[in-house]
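Step one of this worksheet: look at the structure below.
The residues of the chain are indexed from 1 along the displayed sequence. Counting convention: from 1, in listed order, for ligands and their atoms alike.
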Amino acid sequence: MIAYPPSQRDFDELVRAMNEGSSSHGAWRRLLIETPGTSAVRVREIIERKGGIVRLPASELRKVTTAHIHNAVQKLLSGGDAPNFAPSRDYDAFTDAGLPLAPKKVFGLALEEALGIEAYPGHFSAGWGQISFDLLEEAGLWITPKKEGVARPKPDPKKIELGLTGFVPTEEERSWIEGNPKIVSHLKRERAPGLAREKRAAFMAEHKRLFCEDCKFDPMEKYGPEAAAACIEVHHHRTHVANMEPGHKTSMEDLKCLCANCHRVLHRKLALGIAIPV
Ligand SMILES: [Zn+2]
Ligand SMILES: [Zn+2]
């Protein structure tokens, strides 16, 4: 005799009961289940475990602030997880320190805090131009496509022009900006009067010499102390700089001394979305 698990036994009993008085031994029957107060669509959602999750309206998604996103990043970096969301196959969202996170996990956690709900992938869309990506990038994360992701779309030239108000980029800078308009505010800030001079002075005071923090090139050795400063530039390495509140005072820690070569290459990579800002 086969020992059926209880559910199987119950099912057999049910089938037998339904077939009573007929010669049928068929197991397939339609069961009419009444669910007063709950629509058939909703029942279906529950059975299919969708739980009635629908895309949240933009007004709800926009309740996610930079602070929520920063908290989500902190949680993920300190070993927490967003288990409702699968690891990303298509995109990485890089933190200030160059650590890749799954954009949907970050936004999902931020959404949970913002709305006090349990967030699921069905609540929002991911991808270029979606609110989730816009807010993640506004909060300072840099999103780059992985192998299966879609390349960042070319920005609208009109929007680029608007972003250039009060700033005249070099031809090379313009090509970077066309690759990634976010870089405009970065370039603008780096050009702030006196900023580079101030940083170089602070760097000299600390290290007693100037060198590239990336490739360690020491221009003093090569060009002598008078001309050395000419090839050490100042790079703003805090990615959230683009969205700092107006009036934010750039701290010297936000800046990095780079040789002209490293700086140029870094900007180009940032524009192409192939570098992680460090
Ligand atoms: Zn260098
Ligand atoms: Zn720079």
Stepwise, does the side chain to side chain contact (heavy atoms under 4.5 Å, CB included) test hold for Val234 with Lys256?
CA-CA 6 Å; Val234 169; Lys256 211 170 168 181; over 6 Å; no
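Atoms CD1 and CD, from Ile177 and Glu172 in turn, are 11.0 Å apart once rounded to the nearest 0.5 Å.
Residue contacts to the Zn ion (ligand 2): Glu233 brings no N, O or S atom closer than 2.8 Å. Metal site remark for the Zn ion (ligand 1): His263 contributes no N, O or S atom at a distance under 2.8 Å.
Among Lys199, His235, His236, the single residue meeting the side-chain hydrogen bond (donor to acceptor under 3.5 Å, both in side chains) criterion with Glu190 is His235.
Geometry about the Zn ion (ligand 2) gives an angle of 150° between ND1 of His235 and OE1 of Glu190, rounded in steps of 10 degrees. Angle SG (Cys215) to the Zn ion (ligand 1) to SG (Cys212): 110°, rounded to 10°.
Annotation: Phe85 is not in aromatic contact with Phe107 [ring centroid separation under 6.0 Å not met].
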